[in-house]
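This report concerns only the one structure given below.
Letters go in sequence order (proteins before strands), and every chain restarts at 1. It should be emphasised that the depicted structure is a prediction, and the values quoted were computed from it without experimental measurement.
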Number of protein chains: 2
Amino acid sequence: MQVHCEAGETVFRSGTPTHSAFYVESGAVRLVRYGRAGEEVVLHDARAGEFFAEASLDSARYHCDAVASEASELLQFPATALRQLLDTDRDFARQWVGLLARQLRAVRTRVERLSLKSASERVRHFLVSEGRGPRCEVKVQGTFKDLARSLGLTHEALYRTLATLEREGVIERDGMVLRFAG
Amino acid sequence: MQVHCEAGETVFRSGTPTHSAFYVESGAVRLVRYGRAGEEVVLHDARAGEFFAEASLDSARYHCDAVASEASELLQFPATALRQLLDTDRDFARQWVGLLARQLRAVRTRVERLSLKSASERVRHFLVSEGRGPRCEVKVQGTFKDLARSLGLTHEALYRTLATLEREGVIERDGMVLRFAG
DNA sequence: CGTCGCATTGATATCGCTCAAATCCGGTGG
DNA sequence: CCACCGGATTTGAGCGATATCAATGCGACG
């Protein structure tokens, strides 16, 4: 079932029953919880080509909010249909297990990144683990502010760190593209 | 297949082919990677009753080291056997999907925790999400040093934060048991 | 009984957070 | 077409929390 979302629109809220998982055809959706001071904590940033809420399927209620960060086209998969597919379609089940395992590895990598204590180490780790090619080139998705939050930094700290690393000749920056200096 | 490990023994190393997943019957196993300065980063701490390396199954090589933190009894499941089980045993496949989804939620919770910027907020979050009962009681597994690392703090910072929270009457401490003050 | 690692606390340095301000850029409405 | 507006970007100054280094006590284990 296709769903359209405007930027800022809520797809589902924490605490409501888990009726569906979703696939992002285009756009982007943030999964967020809120800290005691009301600050937004981004659990995951699902972009085009990714599923989200796939881990909520076997839990009774969503445990975070899903908010579209841009106008997005989503595919909605009712939980019942997915569970049935899992039981009947062997190949789909195989794919699904692979999907969950890949997500798990990705989130573990993010845990590793957040365990690093310095901003520059986090940026290096981001390039090493997300970058493509020998120079670990990355086209940053969303804004640098978004990237800062996903690195567990304030945007000011990220800008300063990028500027310092560039000045030191460690990385290069072309607009939203980052890579290690050759 | 049953395997015995002494404390400090390596179960598998990063980069070697993924021959097996494991189940911890007793003891504990740390999944670790190493930062540029050689410091240990703990990706996961598998304790009695948990699987580990379950996400490596559909990847060609392990992406971290597994080290027993105490003498442990493990059950080893060869990848081929598991893949076959997944394909033939519908109920096992269902369980496996549930297991992966639960792990995914747990790791996301840890990401949320590491995104909090103050030590006391991380401790509170730890109690809220891992604690049992109305006071969020937790029996800390392993040493406080281990806990500190899993919270992304130095052990000194953790000791000081616990002391402060106790002094402020926010939490209580009985040896390895932590809970919110009544 | 010596040694090793955890637990605990002190002193100091440093890095990143906070507040602040200026610029840029895309979009919007007149 | 242009002025305006909001949010992203960028840099500065200062402060505070946490890392780091250091020292001590303590219990476990050989």
Side-chain angles (χ1 to χ4, degrees), chain A residues 6-8 28 30 35-42 45 67-71 113-126 139-168 171 173-178, chain B residues 6-8 28 30 35-42 45 67-71 113-126 139-168 171 173-178:
Chain A
E6 291 305 322
R30 281 199 309 272
R36 291 201 318 144
E39 79 281 9
E40 205 178 62
V41 178
V42 179
D45 194 16
V67 182
S69 25
E70 346 170 344
R113 190 175 305 148
L114 290 173
S115 296
L116 299 174
K117 299 196 201 299
S118 90
S120 59
E121 287 304 313
R122 290 192 197 170
V123 170
R124 292 176 119 103
H125 184 279
F126 171 70
K139 167 86 166 60
V140 174
Q141 302 293 28
T143 70
F144 278 96
K145 259 182 108 164
D146 294 338
L147 175 60
R149 276 192 300 193
S150 102
L151 295 178
L153 299 170
T154 59
H155 54 117
E156 296 99 320
L158 175 59
Y159 289 127
R160 276 190 257 266
T161 304
L162 290 176
T164 303
L165 287 175
E166 206 175 9
R167 208 177 311 124
E168 289 171 347
I171 66 170
R173 199 171 15 158
D174 285 330
M176 300 305 281
V177 174
L178 300 177
Chain B
E6 292 304 324
R30 281 200 309 272
R36 291 201 318 147
E39 79 281 9
E40 207 178 62
V41 178
V42 179
D45 195 17
V67 183
S69 26
E70 345 169 344
R113 190 176 304 148
L114 290 172
S115 297
L116 299 174
K117 300 193 198 297
S118 92
S120 59
E121 286 303 313
R122 290 192 197 169
V123 170
R124 292 176 118 104
H125 184 280
F126 171 69
K139 167 86 166 61
V140 174
Q141 302 292 26
T143 69
F144 278 96
K145 258 183 108 163
D146 294 338
L147 176 60
R149 275 192 299 192
S150 99
L151 295 179
L153 300 170
T154 60
H155 53 120
E156 296 98 321
L158 175 61
Y159 289 128
R160 277 189 256 266
T161 303
L162 290 177
T164 303
L165 287 175
E166 206 174 8
R167 209 177 311 123
E168 289 172 346
I171 65 170
R173 198 169 18 158
D174 285 331
M176 298 306 280
V177 174
L178 300 178

Query raised in the report: With the threshold set at 4.0 Å, does a side-chain nitrogen-carboxylate oxygen contact exist between A:E39 and B:K117?
Result: no
Query - Interatomic distance, B:L162 CG vs D:dT18 C1' [rounded to whole Å] - result: 15 Å
Requested in this report: Give the intermediate values and the outcome of side chain to side chain contact (heavy atoms under 4.5 Å, CB included) for residues A:L114 and B:S115.
Outcome: CA-CA 7 Å; A:L114 290 173; B:S115 297; 4.0 Å; yes
Query raised in the report: Taking CD from A:E70 and P from C:dG27, how many angstroms apart are they, rounded to a whole number?
Result: 13 Å
**Report entry** Interface residues of residues 147-160 of chain B with DNA chain D (non-hydrogen, below 4.0 angstrom)
**Finding:** B:G152, B:L153, B:T154, B:E156, B:A157, B:R160
Report summary line: All heavy atoms of A:A119 vs all of A:T161, minimum pair found to be CB-OG1, 3.3 Å
Report task. Take atom NZ of B:K145 and atom P of D:dT20, then tell me their distance rounded to the nearest Å. Result -> 13 Å
Query raised in the report: Whole-Å distance between D:dG16 C1' and B:K117 NZ?
Result: 15 Å
Query raised in the report: So what does B:S118 touch, heavy atoms closer than 4.0 Å: a base, only the sugar-phosphate, or nothing?
Result: sugar-phosphate
Query raised in the report: Under 4.0 angstrom, heavy atoms only, what part of the nucleic acid is B:R173 near: base, sugar-phosphate, or nothing?
Result: sugar-phosphate
**Report entry** d(CD, A:E39; P, C:dT18) in whole Å
**Finding:** 9 Å
Query - B:E166 CD - C:dA7 P separation (whole Å) - result: 15 Å
Report summary line: When rounded to whole Å, the CG to P distance for the pair A:L114 and C:dG16 reads 14 Å
Query raised in the report: Heavy atoms, side chains only, cut-off 4.5 Å: are B:H155 and B:R149 in contact?
Result: no
**Report entry** Atom pair distance, as rounded to whole Å: CE in A:M176 and P in C:dC25
**Finding:** 14 Å
Query raised in the report: Does the pair B:D45 and B:Q141 meet the rule for a side chain to side chain contact (heavy atoms under 4.5 Å, CB included), with working shown?
Result: CA-CA 10 Å; B:D45 195 17; B:Q141 302 292 26; 5.7 Å; no
Query raised in the report: So, for B:R122 and B:R113, which heavy atoms are closest and what is the spacing to 0.1 Å?
Result: CG-O, 3.4 Å
